[in-house]
Amino acid sequence: QGLRLDADPRDRRPALRLRRRSAARRRSAGPASVLWGESTYAQQAWGRSRRASMRWAVVGAIVGAAAAAVAFAPANWLALALASASDQRLLLGDARGTVWSGSAVAVLTGGQGSRDAAALPGRLAWTIAFAGTGLDVRATHACCLNGTVAFRWTPGLARWTVASVPPPGGVGQWPSGWLGGLGTPWNTLQLGGTFHLLSPGFAIEWVAGRWRLDGQADIELVNASSSLSTLEALGSYRLRMTGD
């Protein structure tokens with residue numbers, strides 16, 4: 001009934017030593033585990049940083065390519081835009097340079113599919129620069145413009161405006177025969193003489209498909225002639241346009 005067995009204390013020593021060794025092993029393995037955890041975290045952070053750097057590099061490359069495309073856009077882009085806006089009636093032939101600084105031959109045509117075309121002698125040169133919300137355009141043409149003609153193009157919602165203060169001698173003068181490139185009826189009239197554009201200042205506005213003129217512009221036809229008339233000269237005429 002009262003039998004009790006006591007183990008010899010010496011029998012517990014190996015177990016104690018085993019537990020001490022296990023604890024010692026855990027203590028010795030602790031720093032290595034921490035180092036491995038820190039290494040894994042650093043590796044993950046480096047991976048995230050590398051991916052973010054790659055994304056920023058791609059974004060920077062795209063932005064740089066877009067900026068380069070705008071800065072070095074060929075003059076032919078402007079020629080295509082002008083041809084589209086004028087329904088193929090005003091063309092910039094043999095365009096050279098960039099959109100911002102270039103030159104071309106000014107050509108009038110009868111539109112899409114027309115065989116009529118007339119080009120001005122020499123080359124029209126231009127420079128374009130940003131000015132606030134608009135663009136400042138400066139043009140020179142030895143044959144037809146009086147010095148440098150400057151105007152500002154301002155775009156808007158369903159509207160745009162072109163404003164100019166021409167030189168004192170007027171905007172320029174062009175051979176009347178150039179109008180023959182527009183086709184009928186100009187190719188039939190075969191006008192001679194020159195036409196001049198004079199103005200103290202004007203602004204042309206396009207709003208919702210309608211044209212508006214603010215200011216004054218005179219078109220003079222000087223020493224006019226026509227193949228339809230037996231007279232050598234038909235005189236000089238002036239068309240004055242005013243608006244507010």
Side-chain angles (χ1 to χ4, degrees), residues 78 81-92 104 106-111 118-186 189-226 229 233-244:
L78 180 61
L82 185 59
S84 177
S86 65
D87 198 19
Q88 304 293 323
R89 286 180 170 81
L90 178 58
L91 308 180
L92 296 178
V107 181
L108 287 180
T109 76
L120 288 176
R123 298 183 67 83
L124 170 69
W126 69 83
T127 60
I128 302 176
F130 285 100
T133 58
L135 295 173
D136 275 347
V137 182
R138 297 180 179 273
T140 58
H141 198 173
C143 85
C144 305
L145 294 181
N146 295 328
T148 300
V149 176
F151 58 91
R152 175 170 295 183
W153 179 71
T154 305
L157 294 176
R159 66 191 301 167
W160 52 260
T161 305
V162 173
S164 177
V165 178
V171 178
Q173 55 283 321
W174 297 266
S176 300
W178 188 42
L179 297 175
L182 293 173
T184 307
W186 306 103
L189 293 173
Q190 295 185 15
L191 290 176
T194 59
F195 65 93
H196 301 192
L197 178 58
L198 309 171
S199 174
F202 65 90
I204 299 175
E205 188 176 30
W206 182 84
V207 182
R210 294 186 177 184
W211 295 92
R212 295 175 56 185
L213 174 67
D214 184 13
Q216 177 181 309
D218 292 352
I219 298 177
E220 290 185 346
L221 183 57
V222 181
N223 297 325
S225 64
S226 171
S229 174
L234 299 177
S236 299
Y237 303 85
R238 171 178 292 183
L239 171 65
R240 169 163 293 176
M241 298 177 291
T242 58
D244 53 27

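Here the structure is a predicted model, which is why all the values come from computation and not from measurement.
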Indicate the atoms forming the closest heavy-atom contact of Gly110 with Arg89, along with that distance.
O-NH2, 4.1 Å
Smallest separation among heavy atoms of Ala118 and Gly177, with atom names
CB-O, 4.5 Å
Between Thr148 and Arg138 the two heavy atoms that sit nearest each other are CG2-CB, 3.9 Å
I'd like to know whether Leu108 forms a side-chain contact (heavy atoms from CB on, under 4.5 Å) with Leu90, so could you lay out the CA-CA distance, the side-chain angles of the two residues, the decisive distance to 0.1 Å, and finally the verdict.
CA-CA 5 Å; Leu108 287 180; Leu90 178 58; 3.9 Å; yes
Taking the side chain as C-beta and beyond, is there a heavy-atom pair between Val149 and His141 under 4.5 Å?
no
Interatomic spacing from CG in Leu91 to OG1 in Thr109 - rounded to 0.5 Å
4.5 Å
Is any side-chain heavy atom of Phe130 closer than 4.5 Å to one of Leu135?
yes
Which class fits the ring pair Trp178 and Phe195: parallel under 30°, tilted 30 to 60°, perpendicular over 60°?
parallel
Quick one, Arg240 and Thr242 - any side-chain contact, counting heavy atoms below 4.5 Å?
yes
With sequence neighbours left out, what residues match Leu198 under side chain to side chain contact (heavy atoms under 4.5 Å, CB included)?
Asp218, Glu220, Arg238
Between atom CG of Leu221 and atom CG of Leu191, what is the distance when rounded to the nearest 0.5 Å?
6.5 Å
Mark yes when over 12 heavy atoms from residues, nucleotides or ligands other than Asn223 sit less than 6.0 Å from its CG; otherwise mark no.
no
Short question: side chain of Thr154, backbone of Gly134 - any donor-acceptor pair under 3.5 Å?
no
Show every donor-acceptor pair shorter than 3.5 Å between a side-chain atom in residues 203-210 and any protein atom, with sequence neighbours excluded, or say none if there are none.
| from | atom 1 | to | atom 2 | distance (Å) |
| --- | --- | --- | --- | --- |
| Glu205 | OE2 | Arg159 | NE | 3.1 |
| Glu205 | OE2 | Arg159 | NH2 | 2.2 |

Which pair of heavy atoms, one from Cys144 and one from Pro175, lies closest together, and at what distance?
SG-CD, 4.4 Å
Of all the heavy-atom pairs spanning Trp160 and Pro155, show the shortest one and how long it is.
CB-CA, 4.0 Å
Atom CH2 of residue position Trp174 - does it have more than 12 heavy atoms of other residues, nucleotides or ligands inside 6.0 Å?
yes
Does any N or O in the side chain of Ser176 come within less than 3.5 Å of the main-chain N or O of Gly193, such that one atom is a donor and the other an acceptor?
yes
Donor-acceptor pairs under 3.5 angstrom involving side-chain atoms of residues 120-128: please list them, not counting sequence neighbours.
| from | atom 1 | to | atom 2 | distance (Å) |
| --- | --- | --- | --- | --- |
| Arg123 | NE | Ser103 | OG | 3.1 |
| Arg123 | NH1 | Asp94 | OD2 | 3.1 |
| Arg123 | NH2 | Asp94 | O | 2.7 |
| Arg123 | NH2 | Ser103 | O | 3.1 |
| Arg123 | NH2 | Ser103 | OG | 3.3 |
| Trp126 | NE1 | Val99 | O | 3.0 |

In Å and rounded to the nearest 0.5 Å, what is the CZ to OG distance from Arg152 to Ser164?
11.5 Å
Under 3.5 Å, is there a donor-acceptor pair between the side chain of Ser225 and the main chain of Ala233?
no
Euclidean distance, Gln88 CD relative to Leu82 CG, rounded to 0.5 Å:
9.5 Å
Where the side chain of Ser199 meets the backbone of Val171, is there a donor-acceptor pair that is under 3.5 Å apart?
no
Only residue of Asn146, Val222, Leu197 satisfying side chain to side chain contact (heavy atoms under 4.5 Å, CB included) with Gln173 is Asn146
